[in-house]
Protein chains: 2
Amino acid sequence: MSSTAADHAQRRRAPHLGPERRRPQVLDAARAIAVTDGIGAVTIGAVATAMGVTRPVVYACFSDRVELVEALLDRESAHLLDAILAALHGSADPDDPERAFVDGFRALLNAAAAAPDTWRIVFSGEPDPAIAERFRAAKARVQTEATEWIRPAMERWWQTTDLERKLPVLIDLFLSACESAVRSLLDTSNDWGPDDLGTFVGRAVHRAFADA
Amino acid sequence: MSSTAADHAQRRRAPHLGPERRRPQVLDAARAIAVTDGIGAVTIGAVATAMGVTRPVVYACFSDRVELVEALLDRESAHLLDAILAALHGSADPDDPERAFVDGFRALLNAAAAAPDTWRIVFSGEPDPAIAERFRAAKARVQTEATEWIRPAMERWWQTTDLERKLPVLIDLFLSACESAVRSLLDTSNDWGPDDLGTFVGRAVHRAFADA
DNA sequence: GACAGTTCCTGCACGGGTGTAGCAAATTCC
DNA sequence: GGAATTTGCTACACCCGTGCAGGAACTGTC
C-alpha cells in the first residue's frame, strides 16, 4: 500500500495518550469520514489512517466496529433527538394550530442548521445491518412521540374522523415533510434560512393536516 | 461452507442453458435476494447459490457485479419510471387542481400496488457507491419532470409569488409525499387501497400546495 | 539515569467477496 | 455412435476488512 514505504522512511510514532484520551479523537475522525463518504466508509482502518495511527490503537478504544459506529451515532444523535422532541413538545399552542406547526418546524430547522454535519450522517443511510437496527429504533421512537403529539391535536382542532386509520399515514407524511425540510435547508444551492423555511413548510404542512 | 459436502455427495450438474437463456434466471434470483435482504446482499456468490449454480456461471452472464445490479435495476425500474411519468403527465386537468393531484396519486399508487416488490427494491437504499450514481440519475430525472409539471400548474392555478425560490422546496416536499404514500400503501399492517389512499393523500398534498 | 508500565507498531491468520484458468461433463452435430 | 463444441465445476490468486499476538518505543517515577 501507500503506507509501508512512507512508514519506514519518515513516519513518527504517535504520542502516548491512552485509550481514554484518544477515544474522542477516534470519534472525531470517524465523524469526518462519515460526513464525506458515508457511514459505510467508517472502517477501523480508515479511521486509523485518518488520525495517523495504526488499527490496533483504534481497537484499544473500541473493541468492535459496530461499537465504534454506535458510539459515534450515540454521541452525534443525542442532542439531535432532544432537539426533535423539544420541537414537538414545545410547540403545542392550544389555540393556534398553524402557529404550532410553524414554531415546530422552525425549532427543527434551527436545530438542523446548528449541526448540519450530524444530520448528514444520520440521513446518509445505514449499509450495515448491525447498525440498521439502531436507526430503526430511533426512528420508531420519534414516530411514537410524533403520533402522541399529533393525535390529540387533530382531535381538538379539527375533530378528524376515522383518526386511528388515518394517523399512520399522516405520521409518515409528517416525518417525510420534516426530512424534506431539513434536506432543503442543508442544500447549499438555495438561500433559505431556518426561520423562513420553517414558516413556509410549517404553513404548508398545517394546510395539509387541517381538515384531513 | 455448507456446499462442499453436499456437492460431492449428491449435487448434480445444472442443465446446459447458456448465458443467453440463463440471464433472466440470474436476474430473477438477484431480484428475490434484493427483495428480502436488500440490494447490498446481491452478491455474485449469493445469486449463484440461490439458483443452484456456481459463480463462474453467473460471471458468464454478467461480467461484473455492478453490471448485474444495473441490469436488475434497469429491468425492474423501466416500467416504474414510465408509471411515474404517466402519473404526472396524465393528470393535468387544467380546471380542477384537486382532481389533478388526486388522479396523479391514484395512478402512482396503483402502479405501486401492481409491482410492490420492485418498489421495495428501489426504496431499499443503495450501499454501493457505484450503484448510487444510477439512483441519483433516475431521481434527478423524476425531479425535473415533476418540476416541469408543477411549475405551470402553480402559475396557472394559484399565481404563486416568488415561485422560482419556492419550487425546489416544494418539489422535494412533493416527492417525499409520493414516497411516503407508497410506503404507507406497502405497509401491510393497514387496510388502505391504492384508490382511497391516493384520494386521501392527493387531497392533503393539494391543500399544502394551494396558496403556497 | 535506570526501571517498570503503558502505549504503539509490525506482522500474521481468518473470513468473505471478486475475478480467472483449467478441467470435466453434457450437448450438439455429423 | 463418435467427435467437436458448448457449458458448468473445481481450484486458485487476489483484495479488503477484521481481530489478535508479540515485540519495540515512549512515558513517568525512583
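Per chain, numbering begins at 1; letters A, B, ... match sequence-line order.
- In this structure, CD on A/E98 lies 9.5 Å from OG1 on A/T199, to the nearest 0.5 angstrom.
- No side-chain donor-acceptor contact under 3.5 Å links A/D37 to the backbone of A/I33.
- Proximity of residues 57-75 of chain B to DNA chain C (heavy atom under 4.0 angstrom from any strand atom) is restricted to B/Y59, B/D64, B/R65.
- Residue A/R22 contributes atom CZ, which lies 8 Å from atom C1' of C/dT7 at whole-angstrom precision.
- The CZ-P distance, from A/R21 to C/dT7, rounds to 8 Å in whole Å.
- Checked against B/V47 for a side-chain contact (heavy atoms from CB on, under 4.5 Å), the options B/V53, B/V42, B/D28, B/L27 give a single hit: B/V42.
- If you take CG of B/D128 and P of D/dC16, they are 14 Å apart, rounded to a whole angstrom.
- Here CZ of B/R65 is found 9.5 Å from OH of B/Y59. Values are rounded to the nearest 0.5 Å.
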Every protein N/O within reach of nucleotides 2-6 of chain C N/O, cut-off under 3.5 Å:
none

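- Scanning all heavy atoms of the two residues, the minimum distance from B/V182 to B/A112 falls at CG1-CB, 4.0 Å.
- Checked by atom type and distance alone, the side chain of A/R151 never pairs as donor or acceptor with a backbone atom of A/T147 at under 3.5 Å.
- Contact check on B/R106 versus B/D103 returns no salt bridge, with no Lys/Arg side-chain nitrogen under 4.0 Å from an Asp/Glu carboxylate oxygen.
- Ion pairing of A/D117 with A/R120 is present here, as a side-chain N (NZ or NE/NH1/NH2) and a carboxylate O approach within less than 4.0 Å.
- Classification of the B/W192-B/F200 ring pair by plane angle, with boundaries at 30° and 60°, yields parallel.
- Within residues 29-45 of chain B, the residues that have a heavy atom under 4.0 Å from DNA chain C are, in order of number, B/T43, B/I44, B/G45.
- Residue B/R203 places its CZ atom among 12 or fewer non-hydrogen atoms of other residues, nucleotides or ligands, all under 6.0 Å distant.
- Taking the nucleotide of DNA chain C with the nearest heavy atom to each of B/P15 and B/A46, the more 5' of the two is matched to B/A46.
- With C/dT18, D/dC9, D/dT18 as the choices, the nucleotide that has an atom nearest any side-chain atom of A/R55 turns out to be D/dT18.
- The aromatic ring centres of B/W149 and B/F209 sit 6.0 Å or more apart.
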